[in-house]
A.B. asks: 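Mind looking over this structure? Questions follow.
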Number of protein chains: 2
Amino acid sequence: MGGMEERTLKSPSHCTGTEQDYDVRQWDTREGCEVRQILDRVADKWSLLAIAHLERQTLRFSELRRRIEGISQRMLTVTLRQLERDGLVTRTVHPVVPPRVEYTLTPLGATLHATIQALVDWTEDHQEEIAAARASYDSRQDDLAALS
Amino acid sequence: MGGMEERTLKSPSHCTGTEQDYDVRQWDTREGCEVRQILDRVADKWSLLAIAHLERQTLRFSELRRRIEGISQRMLTVTLRQLERDGLVTRTVHPVVPPRVEYTLTPLGATLHATIQALVDWTEDHQEEIAAARASYDSRQDDLAALS
DNA sequence: CGGTATCCGTTCTGATACTG
DNA sequence: CAGTATCAGAACGGATACCG
């Protein structure tokens, strides 16, 4: 999703500008819109998983890596750094050898967890409907293609 | 995010496989996991916006395009096709000239709207905290860099 | 109007190698 | 252990041109 090189904090507030007549207007695409930017981060695949796994427990880097199956070391590092920067995760380095680095949700991160869980729950609850819809759509497409 | 060329429906169910001892296990990264795949789609930037704008109203292609500022014609088409395939959006073609194509949320899509809105609301509610966290993190980084 | 097809630069991501 | 650095391939996404 969005890059991470922007450090433009031009319009920190609600992106009100050219008014439109819908309640979705606060979070559309305008340049410098904070909400959209944060949403991109928060709706990110790996971020979602990391936050979910950190619920109510502190985990080490390698523990997280094992739990989030399929994530590369690089992506886990990048994701955790972003979450740390956003104040959603705390990173604690214990000055021992070998190094021990622990990650925890901040209170802010904890509040996000519930919301994320709702999205995950929705997905679980409706996965069969979606799979069915896809199968149906695909077979219709196949039928159309067969007419050629 | 995820590509759209996979039509593998190998494990349509809950991704239970190599068991792990956490409640997040149902939606991790294993190959063929439906939940993760759907989540990627649903958490997509443009999908979110499209669904949000379609709440309680039918919109034409061009209307959607105007409302979702910054989306290209191609991305809108791609997004709407995905949502249609997933059974979240209905596409109705009126056989008139010039063509008139209308999009509506399906009942399934409507149930997703509430969840998405919760995520958006969270983002709006906490955007200042996040902006502050970022600023704080960045200045700390700058301080560190200054020591070189 | 509502697309589709194509080209192409940008971003993302995984693999690999190396380090304190 | 917990990274960082680098590189290459894949995916994303915009611009453009064309069509029913």
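Numbers restart at 1 for each chain; the letters A, B, ... are given by sequence-line order, proteins then strands.
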A.B. asks: Could you give all pairs that pass the salt bridge (Lys or Arg N to Asp or Glu O under 4.0 Å) test and reach residues 111-123 of chain A, with sequence neighbours left out?
C.D. replies: none
A.B. asks: Hydrophobic clusters here meaning ILVMFWY residues chained together by side-chain heavy-atom distances under 4.5 Å, can you tell me if B/Leu59 and B/Ile51 are in one?
C.D. replies: yes
A.B. asks: Report all side-chain donor-acceptor pairs from residues 96-105 of chain A shorter than 3.5 Å, counting only partners two or more places apart or in another chain.
C.D. replies:
from: A/Arg100; atom 1: NE; to: A/Glu102; atom 2: OE2; distance (Å): 3.3
from: A/Arg100; atom 1: NH2; to: A/Glu102; atom 2: OE2; distance (Å): 3.3
from: A/Glu102; atom 1: OE1; to: A/His94; atom 2: NE2; distance (Å): 3.0
from: A/Tyr103; atom 1: OH; to: A/Arg91; atom 2: NE; distance (Å): 3.3
from: A/Thr104; atom 1: OG1; to: A/Thr58; atom 2: OG1; distance (Å): 3.3

A.B. asks: Under the 3.5 angstrom rule, does the side chain of B/Glu128 hit a backbone N or O of B/Glu124 as a donor-acceptor pair?
C.D. replies: no
A.B. asks: Under the rule for ring-ring contact (aromatic ring centres under 6.0 Å, His included), what residues qualify as partners of B/His126, not counting sequence neighbours?
C.D. replies: B/Trp122
A.B. asks: When you match B/Ser62 and B/Arg74 each to their closest nucleotide on DNA chain C, which lands nearer the 5' end?
C.D. replies: B/Ser62
A.B. asks: Mind listing the side-chain donor-acceptor pairs of residues 73-81 of chain B below 3.5 Å, one per line with the distance, residues two or more places apart or on another chain?
C.D. replies:
from: B/Thr77; atom 1: OG1; to: B/Gln73; atom 2: O; distance (Å): 2.9
from: B/Thr79; atom 1: OG1; to: B/Met75; atom 2: O; distance (Å): 2.7

A.B. asks: Can you measure A/Ile71 atom CD1 to C/dT13 atom P for me and round it to whole angstrom units?
C.D. replies: 10 Å
A.B. asks: Compute the angle between the rotation axes at the two ends of the helix from C/dC1-D/dG20 to C/dG20-D/dC1, each taken over five pairs, rounded to 10 degrees.
C.D. replies: 50°
A.B. asks: Could you check which of D/dT4, C/dC1, D/dA2 has an atom nearest any side-chain atom of A/Arg81?
C.D. replies: D/dT4
A.B. asks: Of the listed nucleotides (C/dG14, D/dG3, D/dA2), which one gets closest to any side-chain atom of A/Thr77?
C.D. replies: D/dG3
A.B. asks: Which pairs, protein N/O on one side and nucleotides 18-20 of chain C N/O on the other, fall under 3.5 Å?
C.D. replies:
none

A.B. asks: Do A/Gln82 and B/Arg134 get their side chains close enough for a donor-acceptor pair, meaning under 3.5 Å?
C.D. replies: no
A.B. asks: Specify the separation, in whole Å, of atom CZ of A/Arg65 and atom C1' of D/dG3.
C.D. replies: 11 Å
A.B. asks: Suppose we screen for side chain to side chain contact (heavy atoms under 4.5 Å, CB included). Which residues come up paired with A/Ser62, at least two apart in sequence or across chains?
C.D. replies: A/Arg60, A/Arg66
